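Keep in mind that this is a model prediction, so the values were computed, not measured. Just the heavy atoms: all of them, side chains too, but no hydrogens, waters or symmetry mates, feed the values below.
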Amino acid sequence: MGTSNGSKSLTLGPSPPDPSPTAPGCGNGAMMGSFGIFLQGLLAVMAFSILMLKRFREPKHERRPWKIWFLDTSKQAIGMLFIHFANVYLSDLTGEDPCSIYLINFLLDATLGMLLIYIGVRVVSCIVEWRQWESLRFGEYGDPVQCQAWVGQCALYIVIMMFEKTAIVLVLLIPHLKEVAKVKPIKNPQLELATVMLIVPFFVNALMFWVVDNFLMKKGKTKAKTEEREGSPDSRNGTTVRYRRTASYDESESEILISADDEMEESDGEDDLRRLTNSKPVKKKKHRFGLPV
């Protein structure tokens with residue numbers, strides 16, 4: 001009787017849970033697990049490839065040298081790493097699904113954050129121009145290249161990214177966004193992690209990196225200038241020699257001499273004609289190579 005009661009009590013008592021391995025995916029700390037780190041490394045390689053493709057798509061006369069390109073893209077890489085790890089850290093602070101919180105952060109960075117980055121870069125550029133801090137102009141590093149200029153610009157860009165991330169965190173405090181985080185259309189944890197950490201960020205980063213790189217690079221410009229030099233070794237018989245100066249992206253300059261003999265012959269012919277007709281000299285605008293002389 002007692003044995004039967006004892007066996008009955010054993011069957012009615014709570015049974016210990018079966019041990020099971022921790023399922024990979026979007027649990028707390030899953031983003032910094034082995035699978036999550038692999039996805040992040042793969043995403044970094046793909047994003048770097050997008051920036052290389054952008055460089056080869058630039059016009060030849062505006063294409064940046066490899067050193068300048070690396071300095072420009074490294075600033076963006078450091079800023080994006082700051083945003084990425086901030087999102088990973090914030091995703092584990094709440095009790096909601098970390099993948100959903102990370103995805104919300106990421107999409108806000110790529111939309112509202114892009115606008116804030118643009119505004120920040122414009123404001124900083126205006127202040128730099130106002131104060132004439134030449135080494136802090138985005139994309140300009142001096143000739144020869146100075147590491148101090150890159151460090152200063154990188155620090156400014158990180159400050160802009162900190163401002164952007166702070167604004168996004170304030171937006172996340174909106175109560176209704178937590179309801180969005182509860183929506184989990186993907187049930188497989190590994191597939192959810194791959195979607196949030198690789199698939200969606202790749203397509204969004206392709207656009208984001210392309211646009212932000214345009215913010216941070218120095219625009220290639222071809223400037224045409226005329227320069228009058230009197231008394232220089234290139235002057236002929238005291239006449240004025242005019243040059244057309246073309247400055248390429250790297251500020252190397254080539255000067256094309258506009259022949260002074262043609263101008264002298266034309267002016268002598270006009271003087272003879274005025275003597276014969278007793279007419280007054282008429283001032284005319286002359287053009288060489290489409291430039292007013």
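Of all non-hydrogen atoms in Ala149 and Ser135, the two that sit nearest each other are CB-O, 3.5 Å. In terms of heavy atoms, Ser91 sits closest to Pro98 at CB-O, 3.4 Å. The two atoms that bring Ile168 and Leu108 nearest to each other are CD1-O, 3.7 Å, heavy atoms only.
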Next item on the list: List the steps and the verdict of side chain to side chain contact (heavy atoms under 4.5 Å, CB included) for Val123 and Phe163.
Entry: CA-CA 12 Å; Val123 170; Phe163 160 75; over 6 Å; no
Check: What do the steps show when you test Thr73 against Lys54 for side chain to side chain contact (heavy atoms under 4.5 Å, CB included), and what is the final call?
Finding: CA-CA 11 Å; Thr73 55; Lys54 181 181 182 299; over 6 Å; no
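There is no path of hydrophobic side-chain contacts, each under 4.5 Å, that joins Val200 to Ile37. Neither Val45 nor Val196 shares a network with the other; the hydrophobic side chains, linked directly or stepwise wherever heavy atoms of I, L, V, M, F, W or Y lie under 4.5 Å apart, form separate groups for each. Put simply, Val159 and Leu156 are part of two different groups of oily side chains (I, L, V, M, F, W, Y) that touch within less than 4.5 Å, one to the next.
Shown here are the side chain to side chain contact (heavy atoms under 4.5 Å, CB included) partners of Leu43, two or more places apart in sequence or in another chain: Leu198, Pro201, Phe202, Asn205. Under the side chain to side chain contact (heavy atoms under 4.5 Å, CB included) criterion, Leu115 pairs with Ile119, sequence neighbours left out. In this view, Ser74 and Trp150 satisfy the side chain to side chain donor-acceptor pair (under 3.5 Å) rule, not counting sequence neighbours. Partners of Ile199 under the side chain to side chain contact (heavy atoms under 4.5 Å, CB included) rule, at least two apart in sequence or in another chain, are Thr195, Phe203. Residues that satisfy the side chain to side chain contact (heavy atoms under 4.5 Å, CB included) test with Pro59, not counting sequence neighbours, are His61, Glu62. With sequence neighbours excluded, the residues that form a salt bridge (Lys or Arg N to Asp or Glu O under 4.0 Å) with Glu129 are Arg137. Scanning for side chain to side chain donor-acceptor pair (under 3.5 Å) contacts around Glu164 gives an empty result, with sequence neighbours left out. Trp69 is linked by a ring pair (Phe, Tyr, Trp, His ring centres under 6.0 Å) to Phe48, Trp66, counting only residues two or more places apart in sequence or in another chain.
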Sequence neighbours left out, cut at 3.5 Å: what donor-acceptor pairs do the side chains of residues 78-87 make with other protein atoms?
unit_1 : atom_1 : unit_2 : atom_2 : d
His84  : ND1    : Tyr102 : OH     : 2.8
His84  : NE2    : Gln40  : OE1    : 2.7
Asn87  : OD1    : Lys165 : NZ     : 2.5
Asn87  : ND2    : Ile83  : O      : 3.4
Asn87  : ND2    : Asp109 : OD2    : 3.0

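Distance CD/Glu140 to CD/Glu134: 8.0 Å, rounded to 0.5 Å. Note that CD of Gln153 and CD1 of Ile158 are 12.5 Å apart. Values are rounded to the nearest 0.5 Å. Atoms CG and OG1, on Leu116 and Thr166 in that order, are 10.5 Å from each other to the nearest 0.5 Å. Between the CG atom in Asp72 and the CD1 atom in Ile68 there is a gap of 7.0 Å [rounded to 0.5 Å]. Rounding to the nearest 0.5 Å places CG of Leu71 at 12.0 Å from CD of Gln146. Distance check, rounded to the nearest 0.5 Å: SG of Cys99 to CG of Leu191 gives 10.0 Å.
Screening Leu39, Leu193, Asp92 for a side-chain contact (heavy atoms from CB on, under 4.5 Å) involving Met31 leaves a single residue, Leu193.
Of the possible polar contacts, none joining the Arg64 side chain to the Arg55 backbone as a donor-acceptor pair under 3.5 Å is found.
Applying the ring-ring contact (aromatic ring centres under 6.0 Å, His included) test to residues at least two apart or on different chains, the pairs with a partner in residues 105-146 are Tyr118-Phe215. Listed by first and then second residue, the salt bridge (Lys or Arg N to Asp or Glu O under 4.0 Å) pairs that reach into residues 31-47 come to none, sequence neighbours excluded.
Through side-chain heavy atoms spaced under 4.5 Å, either directly or across other Ile, Leu, Val, Met, Phe, Trp or Tyr residues, Leu93 is tied to Tyr89, Leu90, Val169.
Between Asp213 and Lys75, none of the side-chain N atoms (NZ, or NE/NH1/NH2) sits under 4.0 Å from a carboxylate O, so this pair counts as no salt bridge.
With a 4.5 Å cut-off on side-chain heavy atoms, Ser49 and Leu53 do not count as touching. When side chains are defined from C-beta on, Met197 does not count as touching Phe38, because their heavy atoms never get closer than 4.5 Å. Side chains of Val151 and Cys154 form no contact here, defined as non-hydrogen atoms less than 4.5 Å apart.
By the 6.0 Å contact criterion, CE on Met162 is open, its count of non-hydrogen atoms from other residues, nucleotides or ligands being 12 or less. Within 6.0 Å of the CD atom in Glu58, the count of heavy atoms belonging to other residues, nucleotides or ligands exceeds 12.
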